Amino acid sequence: MTADSNASVLRRIAHRAMVTRGLEPDFPRAALDELAHLKEAPHDEVRDLTALLWCSIDNDESRDLDQLSVSITEGGTTRILVAIADVDALVKKGTALDAHAHANTTSVYTAAQIFPMLPERLSTDLTSLNADVVRLAMVIDMTVAADGTIGKESVVRARVRNKAKLAYDSVAAWLDGTGPMPHAVAAVPGMEEQLRVQDRIAQAMKARRHEHGALTLSTNESHVVFHGEALADLKPDLPNRAKQIIEDFMVGANGVVARFLEAHKFPSLRRVLKAPERWERIVALAAGRGEKLPATADAVALESFLSHSQQKDPTHFPDLSLSIVKLLGRGEYVFDAPGQSAPGHFGLAVLDYTHSTAPNRRYPDLITQRLVKAALVGNKVPYSTAELTELAQRCTTQEDAAAKVERQVRKSAAALLMHSRVGQTYDAIVTGASPKGTYVRLLSPAVEGRVMHGAAGLDVGDRTRVTLKATDVERGFIDFDRA
């Protein structure tokens, strides 16, 4: 296998994994024919908010821009506005494009190739909130107090213009004082102060959520680094201050949308994370670090333990975070009828929570957008109870399938990176332990594999040393023996 064939090998593996997991890697002809006749949606009869200092903050390489944000300070109060791309304006329910989005329910971001939920002409152009173009959007308007609480809130349709396309890493470095002001910030008068206000408000919202038990977690998921077509490294995807701005605004916006639908007596698809079933193992992990947790699941107590652990040992906190994430389990979508009470999101410490902020990338968000638009104009609910119940189950299933595809390609990339290192010994942390097998993640490089011999007695969160025994790039297998 030559170095310059790495990317093509992984693309082939990604395509096969999509098919194996019941996902469609390619757009059907009917969807492409429909796409060819699409034109930009008219902007009539919506509020004009194009004069505001909107900006986007995303990954450096992102081109499917779903959201913008802006702050407005007046009379001692601050409003945070979040604009969400109006994807439904062009992708209507029951169309061929909608059918493909329903089939996959999410964009799939593999190390080798992106499989977008919507064709790029939509997701990166006609329905993307690109710089210096006017786009239709759903705007969530939140008044946020100095302590991070959300007061007055509303949802409107509007046209917006992105004044600055920004990237997480450069904005974070500038806010932290470790890098220069990004050129796109300096080029727009008022944008510097705009971002500093957004940062201050986001920090207050974050602190408020963590007081109520939102969990401090930093798993440092790895991403693949290519030099041309050659695989070069696996590096951790670190959290930063700019990512936190977007995270906290999106959590707030999703809560506003959930309450909006409830207030209009509309159903919704809620995003929930139930109390962890393996709480006793979390208690044991805390005890091993000299901390005591209650016998029943308690988000506030867990957050206190996590925050203290991060301060005490920041170097190894990502390992603890990974263990907790594995034990918390995965989130899911559930149908929520008006007047009912969904379980809420244990990890975010919020009760009212839907997914609404990424309709170019996630189908539940597009469904939610259609519900909101119907409620705004007094139309009937565009989905039946049976449809929404099925959609909740399907979106959960397909999201899990997409995560498995992404993980499969990441594992194949890791096997490709490690195939020349058989016989070397590494420090590792146990990330999975069940009758199906015991799995570990190396501390460096950030790759995961199965312990084939010597796994007896190991459980999630344990530290161990392992020796690399074999790799299988096609299947993404990395086999270790306990050293």
Side-chain angles (χ1 to χ4, degrees), residues 14-28 30-32 34-35 62 64-67 84-110 113-124 127-128 138 250 254 257-258 261 267-273 329-336 342 345 353-373 381-410:
H15 195 281
R16 185 181 66 222
M18 289 281 290
V19 174
T20 301
R21 294 293 180 183
L23 298 165
E24 298 178 4
D26 304 306
F27 290 98
L32 295 177
E34 198 171 82
L35 176 69
S62 291
D64 49 350
L65 304 182
D66 279 301
Q67 66 269 148
I84 307 301
D86 188 350
V87 176
D88 173 67
L90 288 177
V91 182
K92 299 296 186 181
K93 182 187 177 189
T95 61
L97 288 166
D98 182 59
H100 179 79
H102 174 274
N104 285 359
T105 79
T106 183
S107 293
V108 185
Y109 296 88
T110 77
Q113 181 179 350
I114 296 173
F115 299 91
M117 183 182 79
L118 297 173
E120 288 190 353
R121 182 167 174 254
L122 281 169
S123 61
T124 68
T127 57
S128 179
M138 307 296 299
M250 296 312 111
N254 284 323
V257 170
L261 290 173
S268 61
L269 291 186
R270 296 294 181 101
R271 179 68 175 181
V272 306
L273 178 64
R330 295 186 63 82
E332 60 183 303
Y333 295 100
V334 299
F335 167 70
D336 187 63
H345 198 292
Y353 192 64
T354 186
H355 269 174
S356 65
T357 56
N360 272 312
R361 315 178 194 190
R362 292 187 308 226
Y363 197 55
D365 304 56
L366 181 53
I367 295 167
T368 298
Q369 188 168 94
R370 290 168 179 160
L371 293 170
V372 169
K373 290 173 73 173
V381 179
Y383 294 91
S384 68
T385 295
E387 282 180 305
L388 288 173
T389 301
E390 185 276 332
L391 284 167
Q393 295 171 345
R394 179 168 185 82
C395 289
T396 298
T397 299
Q398 296 300 80
E399 180 188 70
D400 288 346
K404 288 173 181 174
V405 170
E406 292 169 356
R407 185 167 181 266
Q408 166 69 51
V409 180
R410 196 162 54 242

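The structure presented is a predicted model; accordingly, all values stated were derived computationally and were not measured.
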Atom pair [atom1] ([X]) and [atom2] ([Y]), whose distance is rounded to the nearest 0.5 Å:
{"X": "Met250", "Y": "Ser356", "atom1": "CE", "atom2": "OG", "value": "8.5 Å"}
{"X": "His102", "Y": "Ile367", "atom1": "NE2", "atom2": "CD1", "value": "7.5 Å"}
{"X": "Phe335", "Y": "Leu269", "atom1": "CZ", "atom2": "CG", "value": "8.5 Å"}
{"X": "Arg407", "Y": "Arg21", "atom1": "CZ", "atom2": "CZ", "value": "9.5 Å"}
{"X": "Leu261", "Y": "Thr368", "atom1": "CG", "atom2": "OG1", "value": "7.0 Å"}

Do [X] and [Y] have side chains that approach each other closer than 4.5 Å (heavy atoms only, starting at C-beta)?
{"X": "Pro267", "Y": "Val381", "result": "yes"}
{"X": "Leu122", "Y": "Leu35", "result": "yes"}
{"X": "Asn104", "Y": "Phe115", "result": "no"}
{"X": "Leu97", "Y": "Leu90", "result": "no"}
{"X": "Thr105", "Y": "Arg394", "result": "yes"}
{"X": "Tyr333", "Y": "Leu391", "result": "no"}
{"X": "Val19", "Y": "Pro25", "result": "yes"}
{"X": "Ser123", "Y": "Met117", "result": "no"}

**Report entry** Step-by-step side chain to side chain contact (heavy atoms under 4.5 Å, CB included) determination, Val108 to Glu406
**Finding:** CA-CA 7 Å; Val108 185; Glu406 292 169 356; 3.8 Å; yes

Query raised in the report: Just checking, any donor-acceptor pair under 3.5 angstrom between side chains of Asn254 and Thr354?
Result: no

Taking all heavy atoms of [X] and all of [Y], pick out the closest pair and write down the distance.
{"X": "Ala17", "Y": "Val405", "value": "O-CG2, 3.6 Å"}
{"X": "Asp64", "Y": "Tyr109", "value": "OD2-OH, 2.8 Å"}
{"X": "Asp365", "Y": "Ala358", "value": "OD2-N, 2.9 Å"}

Check: [X] side chain, [Y] main-chain N or O, donor-acceptor pair, under 3.5 Å:
{"X": "Asn360", "Y": "Asp66", "result": "no"}
{"X": "Thr95", "Y": "Val91", "result": "no"}
{"X": "Gln369", "Y": "Pro359", "result": "no"}
{"X": "Ser128", "Y": "Leu65", "result": "yes"}

Query raised in the report: Among all residues two or more places apart in sequence or in another chain, which pass the side-chain hydrogen bond (donor to acceptor under 3.5 Å, both in side chains) test with Glu399?
Result: Arg271

Query raised in the report: Which class fits the ring pair His345 and Tyr353: parallel under 30°, tilted 30 to 60°, perpendicular over 60°?
Result: perpendicular

**Report entry** Candidate pair Arg362 and Thr357, rule side chain to side chain contact (heavy atoms under 4.5 Å, CB included), full reasoning
**Finding:** CA-CA 9 Å; Arg362 292 187 308 226; Thr357 56; 3.7 Å; yes

Query raised in the report: For residues 88-109, which residue pairs qualify under salt bridge (Lys or Arg N to Asp or Glu O under 4.0 Å), counting only residues two or more places apart or in two chains?
Result: Asp88-Lys92, Asp88-Arg370, Asp88-Lys373, Lys93-Glu387, Asp98-Arg370

